[in-house]
Amino acid sequence: MTRPGHRPADELRALLAITLDALDAGRRDRGGPLPAGGPADVRRAVLAALGPGPLLPTDGDGEAAALGALTRMLSAGSADPADPLCAAHLHCPPLAVAVAADLAVSALNPSQDSWDQSPAGTTVETEVVATLAELVGYDPGQAVGTVTTGGTESNLMGLLLGGHVIGGAASRATALSRAQRRPAAWSHRARPGSGADMAAGPLPVLCSSAGHHSVRRGAELLGLGRVVPIAVDTAHRMDVPALGTALTRHGGPALVVATAGTTDAGAIDPLTEIVDVVRAHPAPVWLHVDAAHGGGALFSPRLAGRLAGLARADSVALDLHKLGWQPAPAGVFLTPSRRGWDRLEAEVSYLNPADETAAGYPSLLGRSLRTTRRPDAFKIAVTFRALGRERLGALVDACHDLARHAARVVTEDPRLELAAPVTLSTVLFRYLPDGSDRRDRPGGPERVDRLNAAIRARLLDEGAAVVGRTTAGPDGAVHLKLTLLNPEATTTDVTALLSLVAATGDRLAAEPRP
Ligand SMILES: *Cc1c(COP(=O)(O)O)cnc(C)c1O
């Protein structure tokens, strides 16, 4: 019988050995990028490992037995981003050093909501935020930020702070024009219960049609106005003249969200031009840049220039659990100054009483929507010190090289069609039966959609590969995508993955009705 906290290092060392062995055993059980058999087989395997009795039995199995068996089951049943044939989503194979640093945080279990729970963690986060702010191009002495659970939370915070600042400006302007007995050009009917910030009416959120779904959800949660989709060009980037037109048509204050690294194509909106359009608008606009995917390019001297203009944004979202090789969560939210943060300020008697704050105990309570919050900045700090910018940049470049190789393979294979240029490490494409030149393809576009959907499903069911699926193009055709975030994968791996996709397409196309 061990008490929590009793000789934790010895106990943890023994359990860690079990965990690492079970991770390996499970990987061997799986024998590929994901478990074969589809949802029913995986469910059966999980329930078998959990055992016949209740999940919370009267008497437990003991630490070693439960940890070993269930870790092996989890590893066998996982889609493993460390496998080169697992390339569908934006989460990455985490660096061993970051995983180990994350373990240190788990063992100490600190929380960032008050200094007395995380004395060192508080300063680590402050330093990590300043370092990332400088990388973005903000003045690190003025910038403010926080480590978040990811792009979703960072985008929500961008909309929250932006809505507070711009909504406040709008309501002041409306009050002024009411006093002048002239309606403000942008005054809408206030929604009941929408709060002082929204007194001038819901603020619209302008975001490209390729923007992340969390922008829409954040706008809904915050009771902001409608999300106005802005068209994209053929490279999936926001069409800047269309943004200008939408802003002019609206006339009033607004929130604009640009995307640096779209989810489907990895496209980076033309940030410099967007900033120019936004700043030329006569009413106040808050520009948030969702760089959850593309922010990692800042580590790479080759790619960082593609984010030019980022330093002029009012807020930025980064995600180091994507092109940053951290275990999730490792999101970051940054602003160039304190503007807007008063929205989150809180003085809570049991966390940050005013006299303690005045005496020099820093409080991060007003940096987050959350209360209990892990110091996820720690693993980032360890990674930065361990690898340095050059090695991190080399990881980004390695993934970019793999994507460029994949695009060449797709272009050279007549059965595959590239749908977007490679910007970061995403390759968007589809399979075309009978070769890409055939215009009179039997079955028409529906059959091509069905085939592409079936390729992915077949590969998943066989446990052979995890490729992404989305829709793209003017008709919303089904496409496949590779998100190549494993810098240790080789060009041979990528070629093999694309051959597998094309061969599976051929196989399905030859079946009576795919
Ligand atoms: C991944 C992603 C998000 C969401 O981030 P989470 O970390 O999953 O919350 C938002 N925007 C973009 C562009 C992304 O790629």
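In each ligand, atom 1 is the first atom listed, and ligand 1 is the first ligand listed. All figures in this text were calculated on a predicted structure; none of them were measured in a lab.
- Residue G151 has at least one N or O atom closer than 3.5 Å to an N or O atom of ligand 1.
- Within the structure, the closest approach of H91 to ligand 1 does not fall below 4.0 Å when heavy atoms are considered.
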Cut-off 3.5 Å, no hydrogens considered: what does the side-chain donor-acceptor table look like for residues 422-432, sequence neighbours left out?
from: S425; atom 1: OG; to: L484; atom 2: O; distance (Å): 3.3
from: R430; atom 1: NE; to: E417; atom 2: OE1; distance (Å): 2.9
from: R430; atom 1: NH2; to: E417; atom 2: OE1; distance (Å): 3.3
from: Y431; atom 1: OH; to: G505; atom 2: O; distance (Å): 3.4
from: Y431; atom 1: OH; to: D506; atom 2: N; distance (Å): 3.2
from: Y431; atom 1: OH; to: D506; atom 2: OD1; distance (Å): 2.6

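- Close approach of ligand 1 to G261 (heavy-atom distance below 4.0 Å) involves ligand atoms 13 (C).
- For residues 99-108, the set of pairs meeting the salt bridge (Lys or Arg N to Asp or Glu O under 4.0 Å) definition, not counting sequence neighbours, comprises D102-R374, D102-K379.
- In terms of protein heavy atoms, atom 12 (C) of ligand 1 is closest to D290 OD2, 3.4 Å.
- Taking every non-hydrogen atom of H212 and a distance limit under 4.0 Å, the qualifying atoms of ligand 1 come out as 2 (C), 3 (C), 4 (C), 10 (C), 11 (N), 12 (C), 14 (C).
- Using a 4.0 Å cut-off between heavy atoms, T152 contacts ligand 1 through both its backbone and its side chain.
- The protein non-hydrogen atom at the shortest distance from atom 14 (C) of ligand 1 is K322 NZ, 2.9 Å.
- In terms of polar-atom proximity, defined here as any N/O pair under 3.5 Å, T262 makes no such contact with ligand 1.
- Residue E153 places every heavy atom at 4.0 Å or more from ligand 1.
- Taking the charged nitrogens against the carboxylate oxygens, D113 and R367 have no contact shorter than 4.0 Å, which rules out a salt bridge.
- For G331, the closest heavy-atom approach to ligand 1 does not fall below 4.0 Å.
- Between the side chain of D269 and the main chain of L271, no donor-acceptor pair closer than 3.5 Å is present.
- With hydrogens and angles left out, the side-chain atoms of R302 and H400 include a donor and acceptor closer than 3.5 Å.
- For the atom pair CG of L351 and OG1 of T371, the computed distance is 7.0 Å after rounding to the nearest 0.5 Å.
- Heavy-atom proximity to L90, at under 4.0 Å, picks out these atoms of ligand 1: 15 (O).
- At least one N/O-N/O distance between D319 and ligand 1 falls below 3.5 Å.
- S337 contributes a side-chain N or O that, together with a main-chain N or O of R339, makes up a donor-acceptor pair within less than 3.5 Å.
- Ring centroid separation for the pair W341 and F333 comes in under the 6.0 Å cut-off.
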